[in-house]
Amino acid sequence: MKTSWRSASLVASAAAVLALTTACGQDSPPAASQNVGATAAPGDYGSIGTGNGVGGTAGGQQASPSPSSPSNPAGKLSVATAEEVGKVVTDSLGLTLYRFDQDSEQPPKSNCDGDCAKTWPPVPADDAEAGEGIDKSLLGSVTRADGTKQLTVGGWPAYRYAKDVNAGDVKGQGVGGKWYALAPDGKKAQGGGAAGEGAGGEEAGAQPGLSTRNDPKLGEIVVDKNGMTVYRFKKDEAWPKPVSNCTGECLEKWPLVEPVDYADTKGIQEKGYMIFDRTDGKGKQQTINCSPIYTFAGDKAPGDTNGQGVGGTWYAVRPDGKLVGASEK
């Protein structure tokens, strides 16, 4: 059920965004400059030691000594309900299947190789079949760089998580802000980030698209729907129009915050709240007070602030868009 802050008129919100766009002098930003932000710690994919389970085990059943091994066939897929996450696709062992935000579904393409594929083993397409609750027309395959066939659900390449060892585990949910359990329709399973509380002690999945929380060290800061800390890059520009100077590898470490309707925010300043079109083909990006905003791949769980002060250029954001712990110059 949608909460009151989600019920505002979309028409009114669109009008507000249009007015704010004009206020920031936005038509189209100039070309982004050099690739920056490379001083950030890698942490793009999460690690085996990250993530907290939100589902527990199914009757305490141990799935397998090496349940996430790429050699394990998917078998008959089914649908399970995980606490705080909702309906998820599972393989024949009851292990949760995941999708990666940096992949694509049209056309299907996997961007998880090397160490990433060790933490997130691709699910083989061979022998995968639709069980109860799974539409077989949504199942497919994609050829990986090594020539193997990987299962796709709704076009999205499917993975297991190395730390999920018991049937019912969903410890990969929300890792790095880019990994999510697969819903039966191929979309992200509802329920937000990794287990644990988000802003204000709320469940991460129950939060608005953007809201605030009181950090014991940083004070009131902005977080996304998964409770992950939101950041700004000092080398970006806000006035007279937003310009992101984080491109290429920088965006792998600092994923952009996609547009969030203002009606789906709580505690965020409305003035200067707008979206803009990036010039690097990465689509639209959200701003607060006209400043582009991001999350950090090095933050593994709600409440992490590992990106604060990285490189002397990345800082958490106040609800009015100002930097935390740094001047605007």
Side-chain angles (χ1 to χ4, degrees), residues 29-47 50-51 100-104 111-112 115-116 119 174-180 192-194 209-213 215 218 221-238 242-260 268 273-319 321-326 328:
S33 64
Q34 76 275 15
N35 177 22
V36 289
T39 55
D44 289 330
Y45 309 119
S47 66
T50 61
F100 183 34
D101 278 358
Q102 291 185 348
D103 288 349
S104 63
N111 289 310
C112 178
D115 289 340
C116 173
T119 302
V175 167
K178 293 183 285 188
W179 290 92
Y180 297 90
L210 288 172
S211 59
T212 67
R213 73 175 181 86
D215 184 86
L218 304 180
I221 60 175
V222 178
V223 296
D224 70 5
K225 65 180 179 180
N226 300 321
M228 306 302 289
T229 303
V230 169
Y231 299 90
R232 275 184 51 196
F233 184 37
K234 286 192 70 174
K235 295 185 179 181
D236 283 351
E237 300 174 26
V243 178
S244 169
N245 287 316
C246 177
T247 62
E249 291 182 2
C250 175
L251 282 179
E252 295 180 10
K253 298 174 176 66
W254 303 90
L256 63 87
V257 174
E258 296 180 351
V260 178
I268 306 299
Y273 187 86
M274 58 167 291
I275 61 175
F276 70 100
D277 292 305
R278 296 179 57 90
T279 58
D280 57 1
K282 298 300 182 180
K284 299 180 182 294
Q285 183 172 357
Q286 184 63 55
T287 74
I288 297 178
N289 197 25
C290 297
S291 293
I293 55 176
Y294 311 78
T295 54
F296 180 43
D299 286 345
K300 302 305 180 185
D304 284 354
T305 55
N306 298 321
Q308 177 68 4
V310 167
T313 54
W314 290 93
Y315 296 91
V317 182
R318 300 284 186 212
K322 293 183 179 180
L323 299 169
V324 176
E328 295 292 329

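The analysis underlying the following values was restricted to heavy atoms, covering all of them including side chains, and did not include hydrogens, waters or symmetry mates.
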Is Asp280 salt-bridged to Arg278, going by a charged N under 4.0 Å from an acidic O?
yes
If only atom types and distance count, is the side chain of Arg213 paired as donor or acceptor with the main-chain N or O of Gly303 below 3.5 Å?
yes
As an exercise, state the distance from OG1 of Thr313 to NZ of Lys234, rounded to the nearest 0.5 Å.
8.5 Å
Is the distance between the ring centroids of Tyr231 and Trp254 under 6.0 Å?
yes
With rounding to the nearest 0.5 Å, note down the distance linking CG in Asn111 to NZ in Lys178.
10.5 Å
Please name all residues satisfying side-chain hydrogen bond (donor to acceptor under 3.5 Å, both in side chains) with Lys284, sequence neighbours left out, ordered by chain then number.
Asp277
Any donor-acceptor pair under 3.5 Å linking the side chain of Gln286 with the backbone of Val257?
no
Ignoring hydrogens and geometry, is there a side-chain-to-backbone donor-acceptor pair from Asn226 to Met228 under 3.5 Å?
no
Who are the side-chain hydrogen bond (donor to acceptor under 3.5 Å, both in side chains) partners of Asp304, not counting sequence neighbours?
none
Applying side-chain hydrogen bond (donor to acceptor under 3.5 Å, both in side chains), name anything that partners Tyr294, two or more places apart in sequence or on another chain.
Asp236, Ser244
Distance from Glu328 atom CD to Leu323 atom CG, nearest 0.5 Å?
4.0 Å
Between the main-chain N or O of Ala297 and the side-chain N or O of Lys300, is there a donor-acceptor pair closer than 3.5 Å?
yes
Which heavy-atom pair separates Tyr315 from Gly309 by the least distance, and what is that distance?
CE2-CA, 3.7 Å
Spell out, as yes or no, whether a donor-acceptor pair under 3.5 Å connects the side chain of Glu258 to the backbone of Gly283.
no
In this structure, OG1 of Thr229 is separated from CD of Gln308 (nearest 0.5 Å) by 9.0 Å
Side-chain contact, heavy-atom cut-off 4.5 Å: Val260 with Tyr273?
yes
What's the spacing between Arg318 CZ and Leu218 CG if we round to 0.5 Å?
7.0 Å
Mind listing the closest non-hydrogen atom pair of Gly174 and Tyr180 along with its distance?
CA-CE2, 3.9 Å
Side chain of Ser291, backbone of Ala238: donor and acceptor closer than 3.5 Å?
no
May I have the step-by-step check of side-chain contact (heavy atoms from CB on, under 4.5 Å) for Ile221 and Val230, ending in yes or no?
CA-CA 8 Å; Ile221 60 175; Val230 169; over 6 Å; no
Would Leu210 and Ile293 count as a side-chain contact (heavy atoms from CB on, under 4.5 Å) here? Give the steps.
CA-CA 11 Å; Leu210 288 172; Ile293 55 176; 4.0 Å; yes
So, taking the atom named CG in Leu251 and the one named CD in Gln102, what distance separates them when rounded to the nearest 0.5 Å?
9.0 Å
